[in-house]
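In listed order, ligands and their atoms are each counted from 1. From a predicted model like this one, the values you see are computed outputs, not experimental measurements.
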Amino acid sequence: MGIQTADFIVIGAGIAGASAAYELSNGGKVILLEMEASPGYHSTGRSAAVMTENYGPALWSRLVTASRNFLEQPPEGFTDVPLVTPRGALFLARDGEQAKLAAQAQELTRRGASIQLTSSEDALRYCPVVKASEFVSALYEPDCMDVDTNALLTSYLKMLRARGGQLVTNGKVKALKHSNGMWTVSTPAGTFEAPVVVNAAGGWVQQIASLAGLSYRNVVPFRRTAVVFDPPAGSDVRTWPMTFDVAETFYFKPEAGRIMVSPVDMAGSEPCDAQADELEVAIAIDRIHRFTTMEVHSVKHKWGGLRTFAPDHEPVIGSDPEEPSFIWLAGQGGNGVMGGVAAARLAASFALNAAIPADIAALGITAENVSPGRACVLDASGDRPVVGNLEVFESM
Ligand SMILES: Cc1cc2nc3c(=O)[nH]c(=O)nc-3n(C[C@H](O)[C@H](O)[C@H](O)COP(=O)(O)OP(=O)(O)OC[C@H]3O[C@@H](n4cnc5c(N)ncnc54)[C@H](O)[C@@H]3O)c2cc1C
């Protein structure tokens, strides 16, 4: 088998790699390498698939803002189906948590969200199964949307092929060598060469950097568990919002006529085919029984997925400080689907050695604040990422 040459090699065909490959395919020939038999098998196929500017740290929130227009009005020919549909989000506070809810309301208003602060009784208008007696106040955010992740991923890949790009499945990267300005990438599906490599390998980004001979970067995966069960007979769940408690001990949302719940666990993990943790499944069911009027009679489906973070939870996008032709597109955490459009455009600008797109730069994104060379990413002994998003809201 001869060596295939391209302008760009992108590693990992989750939402990050597929979107970056699409963006780069305007600027040259792209080969997208995926170790699994099909794209989207890991984190991308396991998310809750919602979009809100009001979840996650500051820079990710801005990348979500910069992604919204594309998701709401995709380019001509990109897809025949809507990529986003209204969902809404409801945040619930117990006694003693009102200050947290108020701080969150203030932060969301500062970010320009339209919100309604209300009582837990009134929250039943949005989600009739909440146990209002468990909570004292609530916040409703109407702009939260569901994302059709499968349509987004397959549309990116369809457009990539239309522009002459190539997806190689069963193509696990086993070796990466850089010499004379070219990367040589070895996989069981063949050997590939390009002057620029994009590392979009999700939970495996550190392994890819290590294969490339680069130093450790503090971008590591954490497992999250999700459980699906049937709602009460006869209930029409389609209009129920994504419902969180502000203390971040659970969320639930409608999922194809059923209910998905997560105990919002965040357990350190090796990069792997993540599985649901049985203790976390039990905790998720307990939270449903304690905080809603629903009963989980049987688990219809459960899964685990990896969310990969830098210590500050912010994006890791740009040239590696040791080798500028090695581009990181990593640290998506819980924002990789909703903010992926703009993250890919940003990564492509670094790979093409071009200016950051003006709309993204206007939101305060700089090469420095998303850099793989920033101090917390370089520091192997640095703090591990904090759990949840409220701490991040408070530190912004
Ligand atoms: C339970 C849960 C809920 C979530 N909810 C949301 C949400 O509501 N909204 C949101 O925006 N985000 C959410 N997320 C986060 C989101 O799923 C991720 O941020 C996003 O999918 C990351 O995409 P990725 O392409 O970086 O990773 P992945 O989808 O994991 O893709 C990485 C790819 O790299 C491939 N790869 C790895 N090593 C190699 C190698 N050596 N050679 C070739 N290929 C390789 C893998 O096979 C994989 O396909 C959630 C995540 C979880 C787990």
Report the residues that fulfil salt bridge (charged side-chain N to carboxylate O under 4.0 Å, His left out) with Arg125, sequence neighbours left out, ordered by chain and then residue number. Asp122
What orientation do Phe291 and Phe250 show, parallel under 30°, tilted 30 to 60°, or perpendicular over 60°? parallel
Per the side-chain contact (heavy atoms from CB on, under 4.5 Å) rule, which among Val237, Ile259, Val130, Asp230 passes with Met294? Ile259
Assess Arg287 against Phe252: is NZ or CZ under 6.0 Å from the centre of the six-membered ring, and within 45 degrees of the ring's axis? no
side-chain hydrogen bond (donor to acceptor under 3.5 Å, both in side chains) contacts touching residues 354-371 (sequence neighbours left out): Arg345-Asp359, Thr366-Asn369
Ligand 1 polar-atom proximity to protein (N/O, under 3.5 Å):
unit_1   : atom_1 : unit_2 : atom_2 : d
ligand 1 : 5 (N)  : Ala48  : N      : 2.9
ligand 1 : 8 (O)  : Ala49  : N      : 3.1
ligand 1 : 8 (O)  : Val50  : N      : 2.9
ligand 1 : 9 (N)  : Val50  : O      : 3.0
ligand 1 : 11 (O) : Val337 : N      : 2.9
ligand 1 : 11 (O) : Met338 : N      : 2.7
ligand 1 : 12 (N) : Gly334 : O      : 3.1
ligand 1 : 17 (O) : Ser43  : O      : 3.2
ligand 1 : 19 (O) : Gly333 : O      : 2.9
ligand 1 : 19 (O) : Gly336 : N      : 3.1
ligand 1 : 21 (O) : Thr44  : N      : 3.2
ligand 1 : 21 (O) : Thr44  : OG1    : 3.1
ligand 1 : 23 (O) : Thr44  : OG1    : 3.3
ligand 1 : 25 (O) : Ile15  : N      : 3.2
ligand 1 : 25 (O) : Ala16  : N      : 3.0
ligand 1 : 29 (O) : Thr44  : N      : 2.9
ligand 1 : 29 (O) : Thr44  : OG1    : 2.6
ligand 1 : 30 (O) : Ser43  : N      : 3.2
ligand 1 : 30 (O) : Ser43  : OG     : 3.4
ligand 1 : 41 (N) : Val173 : O      : 3.4
ligand 1 : 42 (N) : Val173 : N      : 2.9
ligand 1 : 44 (N) : Met35  : N      : 3.1
ligand 1 : 47 (O) : Glu34  : OE2    : 2.6
ligand 1 : 49 (O) : Glu34  : OE1    : 2.7
ligand 1 : 49 (O) : Glu34  : OE2    : 3.2

Sequence-distant partners of Asp95, salt bridge (charged side-chain N to carboxylate O under 4.0 Å, His left out), two or more places apart: none
